[in-house]
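These notes are about the structure you will find just below.
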Amino acid sequence: MSFNSSEYMAHIAKRLTQEFAFSASAGTPGLVGSSKEHPARVQLENLMPDGIGVGSGIVIDSYGGVSKQQDIVVFEKICPVFSINGSPDATYYPVEGVIAAGEVKSTLGKAELDDAFSKSVSVKELKRHAVAYGDGLGLEPTVSFRNYTSVISMACAPEEQYDQNTKSLDPAP
């Protein structure tokens, strides 16, 4: 027996296209949008490894920063999620646990593309809580890091740090 991953993905795409078409019967534009976003989130979550969740809402940082509402938020389940009355639209995800965020669009013109980019920028502008600590051995303080879904953090060398101000892996001058 063999498995063809291309055929599998084509089947998923066809099923999502059918579900998107069916969502037109939801009535109001808000309900139509929600009924398109839901199957996309469900399918994404089905493809994710254990420990990764898919939701919608707003990404926040520890410094008071707030993103625009995101149709899809891919996040680590080990991180807290703050939901007001269980509402997906009033759910907040700490940026430290967010892996990706994105939009579901029915059409893609200039206005929709600008909206998607604007929402993406609102997430990218958030700052992760990152404090440099010394290792106790006299080496230069660095910000520790961890792999997604791991609760273990590791110290890094200065050249391995991500500089949030320059959005670069290159050390600051």
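Heavy atoms only: backbone and side chains are in, while hydrogens, waters and symmetry mates are out.
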ask   = If only atom types and distance count, is the side chain of Tyr93 paired as donor or acceptor with the main-chain N or O of Ser56 below 3.5 Å?
value = yes
key: Distance-minimising heavy-atom pair for Ser23 and Val32   = O-CG2, 3.5 Å
ask   = Going through the checks in order, is the side chain to side chain contact (heavy atoms under 4.5 Å, CB included) test met by Ile12 and Leu47?
value = CA-CA 11 Å; Ile12 290 171; Leu47 293 170; 4.2 Å; yes
query = Once you round to the nearest 0.5 Å, how far does CD of Glu125 lie from OG of Ser67?
reply = 10.5 Å
Sequence neighbours excluded - side chain to side chain donor-acceptor pair (under 3.5 Å) pairs with any residue from residues 28-37 = Lys36-Ser106
query = For Phe82, does the CZ atom sit with more than 12 other heavy atoms under 6.0 Å from it, leaving out its own atoms?
reply = yes
ask   = How many angstroms lie between atom CD of Glu103 and atom NZ of Lys68, to the nearest 0.5 angstrom?
value = 10.0 Å
key: Side-chain (Asp61) to main-chain (Tyr63) donor-acceptor, under 3.5 angstrom   = yes
request  = Over all heavy atoms of both residues, which pair between Tyr92 and Ile84 is shortest? Give the atoms and the distance, please.
outcome  = CE1-CD1, 4.0 Å
key: Inter-residue atom distance Arg15.CZ - Gln43.CD, 0.5 Å rounding   = 4.5 Å
request  = Treating Ile, Leu, Val, Met, Phe, Trp and Tyr as nodes and any side-chain heavy-atom pair under 4.5 angstrom as an edge, say whether Val121 and Ile72 lie in one connected cluster.
outcome  = no
task = Please report the closest heavy-atom contact between Glu96 and Glu76, naming both atoms and the distance.
result = O-OE1, 3.7 Å
message = Rounded to the nearest 0.5 Å, what separates atom CD1 in Ile52 from atom CD1 in Ile99?
response = 3.5 Å
query = Would a distance-only check, ignoring hydrogens and angles, find a side-chain to backbone donor-acceptor pair under 3.5 Å from Glu112 to Gly109?
reply = yes
inquiry  = Run the salt bridge (charged side-chain N to carboxylate O under 4.0 Å, His left out) test against Asp50 and tell me which residues pass, sequence neighbours left out.
reply    = none
inquiry  = Let me confirm one number: the CG-NZ distance from Leu113 to Lys105, rounded to the nearest 0.5 Å.
reply    = 9.5 Å
ask   = Are Val81 and Val59 in one and the same hydrophobic cluster, where Ile, Leu, Val, Met, Phe, Trp and Tyr link if side-chain heavy atoms are under 4.5 Å apart?
value = yes
ask   = Is Ile58 reachable from Val54 through a run of hydrophobic residues whose side-chain heavy atoms are each under 4.5 Å from the next?
value = no
key: Cluster overlap Val74 with Val42, hydrophobic side-chain contacts below 4.5 Å   = no
key: Test item: Arg128 side-chain N/O and Val95 main-chain N/O as donor-acceptor pair under 3.5 Å   = yes
query = Which heavy atom of Val123 sits nearest a heavy atom of Ala101, and at what distance?
reply = CG2-CB, 4.2 Å
task = Mind listing the closest non-hydrogen atom pair of Val104 and Asp71 along with its distance?
result = N-OD2, 2.9 Å
task = Could you tell me whether the side chain of Ser120 and the main chain of Phe117 form a donor-acceptor pair under 3.5 Å?
result = no
ask   = Measuring from Leu16:CG to His11:NE2, what's the distance to the nearest 0.5 Å?
value = 9.5 Å
Qualifying residues under side-chain hydrogen bond (donor to acceptor under 3.5 Å, both in side chains), relative to Thr17, sequence neighbours excluded = none
Minimal non-hydrogen separation, Glu19 against Pro39, with atom names = OE1-CB, 2.9 Å
